[in-house]
Amino acid sequence: MISFSRFTLPNGLRVIHHHDPGTAMVAVNLLYNVGARDEHPSQTGLAHLFEHLMFGGSANIPSFDAAIERAGGMNNAWTSNDFTNFYDIVPAANVETAFWLESDRMLGLAFSEKSLEVQRNVVIEEFKQVCLNRPYGQLGHELRALLYDVHPYRWPVIGLDFSHIASVSLADERRFFLSHYAPNNAVLAVAGNVTLERVRELAEKWFAPIPRREIAPRTYPAEAPILSPRRKVITGLAPQTAVYIAFPMPGYGHPDFIPCDLITDILASGRSSRMFRNLVMPGTLFSEADASIAGSEEPGYLLLSGKLLAEGPEAEAQAEQLLLDQAASIVSDGVTPRELERAVNRFESNHTFSSMSFLAKATQLARAEMHGEDINTIVARYRSITPADIDRAARAVLRPQSTATIIYRPKKM
């Protein structure tokens, strides 16, 4: 159990706190309800660019990193299709520095041409490194474009093309910031050796004066179901041929979300999983095989994948069929109580151990608060899943007529 307290400021900022006297540090985590799904199709990658811009200095603080380092702390951030998260770790005695810094950049960025130019170049180089010069780097773009026609999930967090980032202006930066980075669109989670009274005092001092802002509505259309299989063959930087098969699935909070997560664990987590025993252990076709979910807020996908020991159309067709057979076996045969228990045990173990540090607690508390849920009920929800729930989700999701398949071949040199 993770003990916590919560309160909401008049400007809409939700604050959640966990007291951990066993550490000398404090984590201050700020989760914004903005991600790549809030971008326009003609200007993608903007949320990721803002992850970088937020470290470029605010109106009053020219260097965020320098200020946090002087306080003996460190900081970092991440962006997803759904959220943007910033966190600071500081000695408990200097916790006010983190409140001061985070509140100041929420209040207003520097909006300078110099900062924008520097961060544009950083993000463009990251795009080239991650998408153009890394094995299987095209997968995110190709798979999402195959799965989605209208929803903003059709591009990855880094954006459709680095030309979109190159074209961002100061006016674009200011508009996006004012439309999303506001107290009424964020959750502040604080965990560590700091009392609730101190957190309330600092939140009211540094964040309460920031005015609410009008948040840009999400007006994009829902994605239509895939009614027939989609597939694409691509070549690129890759050491071996890989096959990826995606099944559209519901988003977070849907009754089938947790069963789908458990299905991927049953299929591919550990050496006792079905895909390892049936596909990898024989050592004839697959060097590795995996299953995962996108874990997105809105309808995402369940992905089966395998890297092949052989090349050519015959090996690809055989690999694709074997992956589909693994999905079909869940539908036709169901899962055993032992398989389900092992998957839930694995989830509980991972969840428990990943929640031990004060930083992990702050991050997970922020996400739970954003979802409007109690973090202490998550394991119980997984424990409540039955084989019948798995069967229902498998029949709804693991439909071969609704797949999006990528065959990723190495480029011939």
Side-chain angles (χ1 to χ4, degrees), residues 139 142-144 146-149 151 153 222-232 242-270 272-280 285-286 288-308 316-344 346-347 381-382 384-408:
L139 178 65
E142 298 287 357
L143 183 61
R144 287 182 174 276
L146 198 61
L147 276 165
Y148 299 98
D149 294 320
H151 195 279
Y153 282 173
E223 190 70 29
I226 295 178
L227 301 178
S228 59
R230 301 176 181 181
R231 59 186 298 107
K232 187 172 184 180
V243 178
Y244 300 90
I245 303 176
F247 299 83
M249 64 165 278
Y252 191 89
H254 188 279
D256 288 342
F257 183 90
I258 292 177
C260 283
D261 190 20
L262 290 171
I263 285 171
T264 61
D265 280 351
I266 291 167
L267 284 174
S269 288
S272 62
S273 66
R274 293 188 182 188
M275 288 173 69
F276 186 84
R277 289 185 287 108
N278 298 333
L279 302 184
V280 180
L285 183 59
F286 289 91
E288 59 182 89
D290 198 12
S292 61
I293 61 171
S296 49
E297 296 297 296
E298 299 183 48
Y301 56 87
L302 185 156
L303 182 66
L304 305 184
S305 63
K307 293 180 180 174
L308 310 189
E316 293 166 0
Q318 183 185 2
E320 185 177 344
Q321 187 58 54
L322 287 172
L323 287 171
L324 288 171
D325 288 347
Q326 296 303 302
S329 73
I330 297 286
V331 177
S332 61
D333 304 334
V335 300
T336 68
R338 176 59 184 148
E339 282 182 311
L340 179 55
E341 182 184 15
R342 187 165 56 236
V344 174
R346 182 184 293 272
F347 171 81
R381 293 206 302 274
Y382 274 76
S384 71
I385 300 301
T386 66
D389 294 322
I390 298 291
D391 181 69
R392 181 196 68 242
R395 293 180 184 279
V397 172
L398 300 178
R399 297 157 48 89
Q401 66 267 35
S402 301
T403 53
T405 301
I406 296 282
I407 308 296
Y408 204 125

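The basis for the numbers below is simple: all heavy atoms, side chains too, and nothing from hydrogens, waters or symmetry mates.
- The shortest heavy-atom contact between Y301 and L147 is CD2-CD1, 3.4 Å.
- With contacts defined as side-chain heavy-atom distances shorter than 4.5 Å, the pair D261/Y382 qualifies.
- Annotation for L302 and C260: closest pair CD1-O, 3.9 Å, computed over non-hydrogen atoms.
- Residues in residues 323-341 take part in these salt bridge (Lys or Arg N to Asp or Glu O under 4.0 Å) pairs, two or more places apart or across chains: R274-E339, R338-E341.
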Evaluate the criterion side chain to side chain contact (heavy atoms under 4.5 Å, CB included) for residue pair Y408 and V243; output intermediate values, then yes/no. CA-CA 6 Å; Y408 204 125; V243 178; over 6 Å; no

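- Among residue pairs with one or both ends in residues 293-305, those qualifying as salt bridge (Lys or Arg N to Asp or Glu O under 4.0 Å) are R37-E298; sequence neighbours excluded.
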Go through the steps for R230 and T405 under the test side chain to side chain contact (heavy atoms under 4.5 Å, CB included), then give the verdict. CA-CA 6 Å; R230 301 176 181 181; T405 301; over 6 Å; no

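- Screening residues 384-394 for salt bridge (Lys or Arg N to Asp or Glu O under 4.0 Å) gives D256-R392, D389-R392, D391-R395 as the qualifying pairs, with residues at least two apart or on separate chains.
- Between the side chain of E223 and the main chain of D149, a donor-acceptor pair closer than 3.5 Å is present.
- With contacts defined as side-chain heavy-atom distances shorter than 4.5 Å, the pair L322/Q318 qualifies.
- A327 approaches F247 most closely through the heavy-atom pair CB-CZ, 3.9 Å.
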Please assess L227 against Q401 for the test side chain to side chain contact (heavy atoms under 4.5 Å, CB included), listing each intermediate value before the final yes or no. CA-CA 6 Å; L227 301 178; Q401 66 267 35; over 6 Å; no

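- Between atom CZ of residue R277 and atom CG of residue L267 there is a gap of 10.5 Å, rounded to the nearest 0.5 Å.
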Might you work through the side chain to side chain contact (heavy atoms under 4.5 Å, CB included) test for T264 and L304, ending with a clear yes or no? CA-CA 8 Å; T264 61; L304 305 184; 5.7 Å; no

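- Shown here for I226 and P248, the closest heavy-atom pair between the two residues is CD1-CG, 3.8 Å.
- The shortest heavy-atom contact between L279 and A289 is CD1-CB, 4.1 Å.
- Between K307 and F286 there is no side-chain heavy-atom pair separated by less than 4.5 Å.
- Taking the six-membered ring where tryptophan is involved, the planes of Y148 and Y153 are perpendicular, since the angle between them exceeds 60° and thus also 30°.
- Under the 4.5 Å side-chain criterion, counting only non-hydrogen atoms from C-beta, E320 is in contact with I245.
- Taking every heavy atom of both residues into account, A393 and P259 meet most closely at CB-CB, 3.6 Å.
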